[in-house]
Amino acid sequence: DFKKEYQTNPKDVAEWCKWKDAEFLIAPNDTLAFRNETLRTFKMGDIREEGLAERTAFEIVELESAIKAKTVVLDWKNIKEGDEEVKYSVGKAKEYLLLSDDFRDFVDTKSTELNGKRATHKEDAKKK
């Protein structure tokens with residue numbers, strides 16, 4: 001089944017993960033959606049040997065945060081600013097990824113763990 005083999009919707013393989021007092025719907029960072037968004041975001045000059053050296057570190061983090069906001073951090077529960085509940089949006093996800101090293105590290109760790117989990121499930125399925 002093509003759709004099972006090549007996940008195009010990251011929500012199909014995402015899992016809810018707790019961090020502090022909130023929950024986040026996190027997808028692996030090895031999905032086709034992540035790859036395709038990366039290809040849309042970076043220019044050919046970026047992928048040559050020294051291409052990214054022309055960009056600032058902030059620009060790189062900003063680009064990565066935009067990609068992850070669209071394809072890795074897909075929803076959340078119990079996020080507040082003051083007393084107000086914050087509804088999920090790609091823009092807010094990008095903002096939080098950009099502004100918080102701890103949150104970005106959490107997302108990177110969980111999405112990488114999910115990569116491994118998916119690889120294990122694929123191997124188990126092949127054995128059957």
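- Grouping the Ile, Leu, Val, Met, Phe, Trp and Tyr side chains by contacts below 4.5 angstrom, directly or via other members, places Leu98 apart from Phe34.
- Nearest heavy atoms, Ala69 versus Lys94: CB-N, 3.5 Å.
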In sequence, state the C-alpha distance, the side-chain angles, and the governing distance for Glu85 and Ile79, and then conclude on side-chain contact (heavy atoms from CB on, under 4.5 Å). CA-CA 6 Å; Glu85 182 104 12; Ile79 296 293; 5.7 Å; no

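- Taking 4.5 Å as the limit, every side-chain heavy atom of Phe24 sits out of range of all side-chain heavy atoms of Val107.
- Formation of a donor-acceptor pair under 3.5 Å by the Asn78 side chain with backbone atoms of Asp21 is found in this model.
- Within the 4.5 Å cutoff, the side chain of Pro10 has heavy atoms near those of the Leu74 side chain.
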Output, in order, the C-alpha distance, side-chain angles, deciding distance and verdict of side-chain contact (heavy atoms from CB on, under 4.5 Å) for Trp76 and Leu25. CA-CA 6 Å; Trp76 57 51; Leu25 186 60; over 6 Å; no

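- Across all non-hydrogen atoms, the minimal contact from Ser111 to Val72 is CB-CG1, 3.7 Å.
- By the salt bridge (charged side-chain N to carboxylate O under 4.0 Å, His left out) test, Arg55 is found to be paired with Asp46, residues two or more places apart in sequence or in another chain being considered.
- Atom CG of Asp105 has more than 12 heavy atoms from other residues, nucleotides or ligands within 6.0 Å.
- If you run salt bridge (Lys or Arg N to Asp or Glu O under 4.0 Å) between Arg104 and each of Asp108, Asp102, Asp101, only Asp101 comes through.
- Side-chain contact between Leu114 and Glu15 is present, with at least one heavy-atom pair separated by less than 4.5 Å.
- Residues passing the salt bridge (charged side-chain N to carboxylate O under 4.0 Å, His left out) test with Glu37, sequence neighbours excluded: Arg40, Lys70.
- Ser100 contributes no side-chain N or O that, together with a main-chain N or O of Tyr96, makes up a donor-acceptor pair within less than 3.5 Å.
- For Tyr88 (side chain) and Val73 (main-chain N/O), a donor-acceptor pair under 3.5 Å exists by modelled atom type.
- Put simply, Ile67 and Val61 are part of two different groups of oily side chains (I, L, V, M, F, W, Y) that touch within less than 4.5 Å, one to the next.
- Under the 4.5 Å side-chain heavy-atom criterion for grouping Ile, Leu, Val, Met, Phe, Trp and Tyr, Leu63 is connected to Val90 within one hydrophobic cluster.
- Judged as a salt bridge (Lys or Arg N to Asp or Glu O under 4.0 Å), the pairs with a partner in residues 75-84 (not counting sequence neighbours) are, in order, Glu81-Lys92.
- Separating the CD1 atom in Ile26 from the OG1 atom in Thr112 is a distance of 11.0 Å, to the nearest 0.5 Å.
- Ring geometry for Phe106 versus Trp19: interplanar angle under 30°, hence parallel rather than tilted (30 to 60°).
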Given side-chain contact (heavy atoms from CB on, under 4.5 Å), test Phe103 with Leu97 step by step and report yes or no. CA-CA 6 Å; Phe103 180 58; Leu97 286 162; 3.8 Å; yes

